[in-house]
Amino acid sequence: MKKSFLFLIVAMALNASFSQTSKRPVNQLIADVKNNVLSKNVYYLSAFGAKSDAEIGMNSVTFGTDNTAVIQSILDKAMKSPITVYWDGRYSITGLTLYSNTTIIASAGCGAILRNHSNHSIFINAHKSFAAKKDSNITIIGGIWNGNYYNPQIPRGAQSKGDSITGLVTCMRFHGVDNLIVRDAFLYKPATYALAASNVSHVVYENLVVDVGPNPLINNDGLHIDGNSQYGVIRHCILNTHDDAIGINADDLYTHWFKWNGKLSKDAFYTEEAAGPISDILIDDITLNSSLFGIRILSGKSRVDRITIRNLKGYTKGYAIVVDNYQHDPSIISYAGPGNIGTLNIEDVDVSIYPGPEHMPNESCINVTTNVEQLIFKNIKRKFFETKEPTIYIRGKNTVIGTMEVDGYYSLDTTKNTTISHILVEGASINQLSISNVSLTRTFKDIPNSSVLLNTTKNSHVNYLQFNRVNVEGIASIVSNTTGNLNVINACNIIHVNSAGKYPFWLNNPQNEIKALTISNFYGSDLIDGGASKILKKKGDAF
């Protein structure tokens, strides 16, 4: 009976303590109950002297007490045994270190803000490693974590962006961690990335909101994973960033960046070890909110494989997805090369491009400029056409795609005269290209338009090209080939109407010899194919 009564008192005390977000009276009785009745490995920050007198919201400039020492003293207890820390206040800190077997659970409205000129990440794991896993079982649930790079008092430079010794200044940074979970959290105003990780495995980032704040600079990424990483899930996130909302970068630019700033030395924090393979990553249900780029996958020589991106929505100022070997200058990444990507699945994309003052080059919804063995697109949607760039852009004379499949492309163009190459292959080489289940129409289909579904240019090469179940209204052609080479074309179940006398198959490269053109189950005008390309064999009931 006495034991039941004691646990009732404990429950009442804890319930009262959780209801407070900024100030919570903690008398000695409650502190004793927590220390002696509950597990010795469970800690409430306020019970150990942390002062909840900071503001942690987006525009906060109230820092109050520096709680770094008292909070770190609690986190250090994980060096001896697993701990659970209840983050029950709004605290300012200068940077904290997390050890293995640490769980942080933040109460609603609670979290931390970096003090001015801290120049460290809010959280970083203790045993940083690019090559071997040193820490494990780190979990952060809930919280508002404000990196305080911009504030009204110091619009530029409340933190440094990092150096070769300290590393990048972020909200959270992890190198060499197995079993890492961050969920249900807000990450505000990082100096560089909101959350950076390399050499991590079994990772879950879930239900995160990232907002880098007003007037951001380049490299304000959202969620960033570098090399030697495997088995990751990123889902249910809303990301407002000024560079990559999500980066999957097997080969990055750290060494170049520090050399460029004249800081590289034998003690450089980032080396080529930060580069390496990345595989088995799922990115699901992501809302992009004004990023320059949405999702970036970067590979020079390091292997990237089994990456799935699905349910991507919102808008960006440049690309929705970019897959490259650093197209600006491929020679400067850690392990330079033509790209080494295995399978990449991209499903259910509906992202609009609203160009900003940055005028990003090669704007397109999806941009691929590196080697990919298997590239799969499913259910790609486009309704916004103020940018006249392609929806899918495969570019570069050294870009080689083994197989590329577009299964489901849905487009409604409401502009009057915009000319779009919906899928543009420019200089690249594709062995097998399949395009199926296409519904493409224009609102003003009575106005002549020169758009094409697939445009191959600049000596690009497609070995085997197949169309199936394609329905287009109000555009000129299904395929246009003027300087690129096509070998075999097979098309069936085609509807091509309101084309203002254009050829659905416009094959106009006199240097191109097409081995076979097979078209069946075609509905449209009497015009089928035209142009100067030499076609060795025509087959099908369309002729």
Colleague: Between H175 and N199, is a side chain to side chain donor-acceptor pair (under 3.5 Å) present by the stated rule, with each step listed?
Modeller: CA-CA 6 Å; H175 304 291; N199 189 28; over 6 Å; no
Colleague: Looking at Y150, Y193, Y149, which hits side-chain hydrogen bond (donor to acceptor under 3.5 Å, both in side chains) with N220?
Modeller: Y150
Colleague: With ring-ring contact (aromatic ring centres under 6.0 Å, His included) as the test, pick out the partner of W87 among F48, W145, Y44.
Modeller: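 Testing W87 for a ring-ring contact (aromatic ring centres under 6.0 Å, His included) against F48, W145, Y44 leaves exactly one candidate, W145.
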Colleague: In terms of heavy-atom contacts, does CZ of F186 have more than 12 from other residues, nucleotides or ligands at under 6.0 Å?
Modeller: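 Check fails, neighbour count at 12 or below.
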Colleague: Looking just at side-chain N and O atoms, do T65 and N67 make a donor-acceptor pair shorter than 3.5 Å?
Modeller: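 The answer is no; no qualifying pair exists.
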Colleague: Between N379 (side chain only) and G408 (backbone N and O only), is there a donor and an acceptor less than 3.5 Å apart?
Modeller: no
Colleague: Any donor and acceptor pair, going by atom type alone, linking the side chain of N146 with main-chain N or O of G57 inside 3.5 Å?
Modeller: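 Confirmed, N146 side chain pairs with G57 backbone.
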Colleague: Determine the sole option in I234, I297, I246 for which the side chain to side chain contact (heavy atoms under 4.5 Å, CB included) test with I309 is passed.
Modeller: I297
Colleague: Considering all heavy atoms of both residues, which atom of A250 and which atom of S302 are nearest to each other, and what is their separation?
Modeller: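 Smallest interatomic distance, heavy atoms only, reads CB-CB, 3.8 Å.
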Colleague: Between K313 and D348, is the salt bridge (Lys or Arg N to Asp or Glu O under 4.0 Å) condition met? List the steps.
Modeller: CA-CA 8 Å; K313 49 194 176 293; D348 294 302; over 6 Å; no
Colleague: Do D221 and R296 sit within salt-bridge range, that is, some charged N less than 4.0 Å from a carboxylate O?
Modeller: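 So D221 does not pair with R296 through a salt bridge.
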Colleague: Okay, side chain of D305, backbone of T343: is any donor-acceptor separation there less than 3.5 Å?
Modeller: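 Present.
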Colleague: Return yes if a side-chain donor-acceptor contact under 3.5 Å exists between D178 and H202, otherwise no.
Modeller: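 Looking only at side-chain atoms, H202 and D178 do form a donor-acceptor pair, the distance falling under 3.5 Å.
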Colleague: Quiz question: by atom type and distance under 3.5 Å, do the side chains of D243 and T241 form a donor-acceptor pair?
Modeller: no
Colleague: Under 6.0 Å between ring centres, would you say that holds for Y354 and F384?
Modeller: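 Yes.
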Colleague: Using only heavy-atom distances, determine whether the side chains of H224 and D252 contain a donor-acceptor pair under 3.5 Å.
Modeller: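 Looking only at side-chain atoms, D252 and H224 do form a donor-acceptor pair, the distance falling under 3.5 Å.
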Colleague: Could you measure the distance from the CD1 atom of I225 to the CG atom of N249? Nearest 0.5 Å is fine.
Modeller: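 One finds 10.0 Å between CD1 of I225 and CG of N249.
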Colleague: Would you find a donor on one side and an acceptor on the other, under 3.5 Å apart, between the side chain of S201 and the backbone of Y231?
Modeller: no
Colleague: So, applying side chain to side chain contact (heavy atoms under 4.5 Å, CB included) with I71, which one of I74, L75, T68 is it?
Modeller: L75
Colleague: Do you know which of N137, T84, N41, D135 makes side-chain hydrogen bond (donor to acceptor under 3.5 Å, both in side chains) with N101?
Modeller: N137
Colleague: Which pair of non-hydrogen atoms, one from F293 and one from T316, has the smallest distance, and what is that distance?
Modeller: C-CG2, 4.3 Å
Colleague: Looking only at non-hydrogen atoms, find the nearest pair between G294 and L288 and report the distance.
Modeller: CA-CD1, 3.6 Å
Colleague: Check for a donor-acceptor pair, side chain of N228 on one end and backbone N or O of F130 on the other, with a separation under 3.5 Å.
Modeller: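 Present.
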Colleague: Quick test of your reading: applying salt bridge (charged side-chain N to carboxylate O under 4.0 Å, His left out), list the pairs with at least one residue in residues 228-240, sequence neighbours left out, ordered by first then second residue.
Modeller: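 Sorted result for residues 228-240: E206-R235.
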Colleague: Please determine whether side chain to side chain donor-acceptor pair (under 3.5 Å) holds for the pair S121 and T170, giving the CA-CA distance in whole Å, both sets of side-chain angles, and the decisive distance to 0.1 Å.
Modeller: CA-CA 5 Å; S121 301; T170 67; 2.9 Å; yes
Colleague: Would you call D350-R382 a salt bridge at under 4.0 Å N-O?
Modeller: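 So D350 does not pair with R382 through a salt bridge.
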Colleague: Might you point out which heavy atoms bring I353 and C365 nearest each other, and give the distance in Å?
Modeller: CG1-SG, 4.1 Å
Colleague: Roughly how far, to the nearest 0.5 Å, is CD of Q159 from NE2 of H120?
Modeller: 10.5 Å
